[in-house]
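One structure below.
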Amino acid sequence: MRLQDFALERFFARWEFNAELLLCASDIDGWPMSELLALADEDGRRRWDSLRLGYTESPGDPALRAAIAGLYELVAADDVLVFCGAEEAIFALHNVLLGPGDHAIVVRPAYQSLAEVARSTGAEVTRVELREADDWRLDVDEVRRALRPNTSLIVVNEPHNPTGSVSDRATFDRLVALAAESGARLVVDEVYRFLEFDPADRLPAGADTSVTGVSIGVMSKSFAMAGLRIGWIATRDHDLLARLAAFKDYTTICASAPAEVLALIALRERDTVLARNRAIVEANLPLLDAFFERWAGTFEWVRPRGGSIGFPRLLGDVAIDSFAEDLVRDTGTLIMPGTVFADAGNHFRIGYGRANMREALGRLDDYAARTLRKGSRGDAREPS
Ligand SMILES: Cc1ncc(COP(=O)(O)O)c(C=O)c1O
């Protein structure tokens, strides 16, 4: 197995803790520990106060697995396997299901490990493009054309990182039907699920679509608790779960004991947790709408439908890599060039899950006004 560098993580390794303001983070402002503990019910409080720091049950604490199962329609506690983040879940899943002679279909752009871990197993990977001109929506016919007799996985991400797109229900249903008809397993990375701006846009979970369907979830994004490093796979395929459990013996063995209790407390109060997180996103979206309206002709975006990130484009001649680097050096504000996602369209990722987004966006606005007005397409609208 030979993994290429994870471009996004290398980018964050350089800037995340050096930049003053992150305008590209995909997570939501982390929950303060004290506020989370204040949500604990009696059982949660007792678990926390009496916690012993030994190993935990390898599949995950039974109560936590039950709470996770509560996020789905047809999933029971024993259909859930807890991992250290969605990242470990992806790593285990691809390694268990793919190898030389296998084929996987993965959308592009995408969170890099969804494709790179698949490739590293020796499997062949076909990327299916999401295009800005289609509002970054999945084209199921393209997935159909990519299918091969040995396709074992179709991997999508709904809501999608980095574009914030969400397939419409009819498209998703066609994808589910295609997976069933072809025998390929549908894997849905759902780490931004529950952050759809219109709850009517929420898609069925992968694990609910069929017995072999897989959902990948995590506490990091919609639940705003990335520091817990609690993720999971939900599937009703118990043979797959057994193989994943055996793989996990070689990675983390079991999750962190305090993190499991904290995740349980959060999921038992999930409506309160999600409401706080959605409120941050909802307060930021109108600021972004106004920004992109004001900068039409210079920046362009397809308004996301869910999640905490979007993928706008810088128009004109300035390359996004140099723009992003100059922006962070000049203003301390970090955006993420699309090249991190192997995108060649001058896009960049913007994150709107942070309460200080107004300030970060203000700095981008000032910087753009200082450096881009001249020579940008926006100039065409201004008197010379
Ligand atoms: C689509 C997607 N999947 C998986 C992950 C991994 O989540 P975690 O870092 O919490 O393990 C991320 C993180 O950014 C993501 O955006």
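Heavy atoms only: backbone and side chains are in, while hydrogens, waters and symmetry mates are out.
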### Query
Do His103 and Ser152 have a side chain donor and acceptor closer than 3.5 Å?
no

### Short side-chain to backbone donor-acceptor contact, Glu132 and Phe311, under 3.5 Å
no

Show, in sequence, the C-alpha distance, side-chain angles and deciding distance for Asp330 and Arg363, and conclude whether the salt bridge (Lys or Arg N to Asp or Glu O under 4.0 Å) test is met.
CA-CA 10 Å; Asp330 189 296; Arg363 291 196 197 179; over 6 Å; no

- Query: Heavy atoms, side chains only, cut-off 4.5 Å: are Leu186 and Val214 in contact?
  - Reply: no

Nearest heavy-atom approach of Arg185 to Leu240 is NH1-CD2, 3.4 Å

Walk me through whether Phe299 and Leu315 qualify under side-chain contact (heavy atoms from CB on, under 4.5 Å). CA-CA 6 Å; Phe299 294 107; Leu315 303 168; over 6 Å; no

- Side-chain contact test, heavy atoms from C-beta onward, threshold under 4.5 Å: evaluate it for Arg354 versus Leu22 and give yes or no. yes

(Q) Set out, in order, the CA-CA distance, both residues' side-chain angles and the distance that settles ring pair (Phe, Tyr, Trp, His ring centres under 6.0 Å) for Tyr111 and Phe341, then state yes or no. (A) CA-CA 7 Å; Tyr111 187 67; Phe341 290 89; 8.0 Å; no

Query - Arg65 and Asp61 ion-paired at < 4.0 Å - result: no

Check step by step if side-chain contact (heavy atoms from CB on, under 4.5 Å) holds for Ser182 and Thr151. CA-CA 8 Å; Ser182 69; Thr151 304; over 6 Å; no

Side-chain ion pair, Arg370 and Asp366, N-O less than 4.0 Å | no

side-chain contact (heavy atoms from CB on, under 4.5 Å) filter on Gln4, not counting sequence neighbours, yields Glu116, Arg119

Test ring pair (Phe, Tyr, Trp, His ring centres under 6.0 Å) on Phe6 and Phe12; report intermediate values, then the result. CA-CA 10 Å; Phe6 200 137; Phe12 270 143; 9.9 Å; no

With no hydrogens and no angle check, just 3.5 Å: does a side-chain donor-acceptor pair link Ser308 and Lys221?
no

| message | Below 30° counts as parallel, above 60° as perpendicular, anything between as tilted: where do the rings of Trp136 and His347 land? | response | perpendicular

In short, Ser222 meets Asn277 closest at the heavy-atom pair O-ND2, 2.7 Å

Heavy-atom closest pair (Ala266 atom, Val273 atom, distance to 0.1 Å) is O-CG2, 3.7 Å

- Kindly indicate, with the supporting measurements, whether the criterion side-chain contact (heavy atoms from CB on, under 4.5 Å) is fulfilled by Phe247 and Asp249. CA-CA 5 Å; Phe247 186 89; Asp249 292 341; over 6 Å; no

query = So, are Asp198 and Arg305 salt-bridged, with charged N and O less than 4.0 Å apart?
reply = no

Please assess Leu23 against Leu334 for the test side-chain contact (heavy atoms from CB on, under 4.5 Å), listing each intermediate value before the final yes or no. CA-CA 5 Å; Leu23 190 51; Leu334 192 68; 6.0 Å; no

Would you say the side chain of Val218 lies within less than 4.5 Å of the side chain of Glu87, judging by non-hydrogen atoms?
-> no

Contacts satisfying ring pair (Phe, Tyr, Trp, His ring centres under 6.0 Å) that involve residues 181-218 (not counting sequence neighbours) are none

Side chains of Val128 and Arg145 in contact at under 4.5 Å (non-hydrogen atoms): no

**Glu300 (side chain) donor-acceptor with Leu314 (main chain) under 3.5 angstrom** = no

Would you say Phe223 and Trp31 make side-chain contact, with heavy atoms under 4.5 Å? no

Worksheet item: Are Val187 and Ile154 close enough that some pair of their side-chain heavy atoms sits under 4.5 Å apart?
Response: no

Run the side-chain donor-acceptor check on residues 71-85: report pairs under 3.5 Å with partners two or more places apart or on a different chain.
from  : atom 1 : to     : atom 2 : distance (Å)
Tyr72 : OH     : Trp232 : NE1    : 2.8
Asp79 : OD1    : His238 : NE2    : 2.6
Asp79 : OD2    : Ala76  : N      : 2.7

Under a 3.5 Å distance rule, please check whether Glu158 uses its side chain to pair with a backbone N or O of Val188 as donor and acceptor. no

Notebook entry, point to check: With side chains defined as the heavy atoms from C-beta onward, is the minimum distance between Leu147 and Leu178 less than 4.5 Å?
Noted result: yes

_With a 4.0 Å cut-off on N to O distance, would you call Asp49 and Arg45 a salt bridge?_
yes

| task | Answer yes or no: is there a donor N or O on one side and an acceptor on the other, between the side chain of Asp41 and the main chain of Gly44, under 3.5 Å? | result | yes

Looking only at heavy atoms, the pair that brings Leu39 and Glu269 closest together is O-CG, 3.5 Å

State whether the side chain of Arg276 and the backbone N or O of Asp271 hold a donor-acceptor pair below 3.5 Å, judged by distance alone. no

Query - Shared hydrophobic cluster for Val328 and Leu21 (ILVMFWY, side-chain gaps under 4.5 Å) - result: no

Hits for salt bridge (Lys or Arg N to Asp or Glu O under 4.0 Å) against Asp102, two or more places apart or cross-chain, chain-then-number order -> none

query: Counting N and O atoms only, with roles assigned by atom type, does the side chain of Asp189 sit under 3.5 Å from a partner on the main chain of Val191, one being a donor and the other an acceptor?
result: yes

Is the gap between the ring centers of Phe323 and Tyr367 under 6.0 Å? yes

Between Arg127 and Val107, the two heavy atoms sitting closest are NH2-O, 2.9 Å

- Item | Salt-bridge contact Arg46-Glu42 (side-chain N to carboxylate O under 4.0 Å) | no

| said: Counting only heavy atoms from other residues, nucleotides and ligands, does the tally under 6.0 Å from CZ of Arg10 exceed 12? | reply: no

Donor + acceptor pair across side chains of Thr333, Glu20 (<3.5 Å): no

Just by distance, do the side chain of Thr331 and the backbone of Leu327 share a donor-acceptor pair under 3.5 Å?
yes

Review point. So do the side chains of Phe292 and Thr298 get within less than 4.5 Å of each other, counting heavy atoms only?
Key: no

Between Cys254 and Glu57 the two heavy atoms that sit nearest each other are CB-O, 4.1 Å

> Got a sec: does the CZ of Arg358 have more than 12 other heavy atoms crowding it under 6.0 Å?
Replying inline: no

Here the gap from Asp343 atom CG to Met336 atom CE, rounded to the nearest 0.5 Å, amounts to 12.5 Å

Output for pair (Met33 CE, Leu228 CG), nearest 0.5 Å, gives 8.5 Å

Residues 133-144 vs salt bridge (charged side-chain N to carboxylate O under 4.0 Å, His left out), sequence neighbours excluded, gives Arg131-Glu142, Arg137-Asp168, Asp141-Arg174, Arg144-Glu181

Sub-3.5 Å donor-acceptor pair from the side chain of Ser256 to the main-chain atoms of Ala259, do we have one? yes

- Check whether any side-chain N or O of Asn346 sits under 3.5 Å from a backbone N or O of Ala319 as a donor-acceptor pair, and report yes or no. no

Is a side-chain N or O of Arg236 found less than 3.5 angstrom from the main chain of Ser210, in a donor-acceptor match? yes

Regarding Glu190 and Arg202, does a basic nitrogen lie under 4.0 Å from an acidic carboxylate oxygen? no

Residues 251-280 vs ring pair (Phe, Tyr, Trp, His ring centres under 6.0 Å), sequence neighbours excluded, gives none

Would you check if there is a donor-acceptor pair between the side chains of Asp237 and Thr212 at a distance under 3.5 Å? no

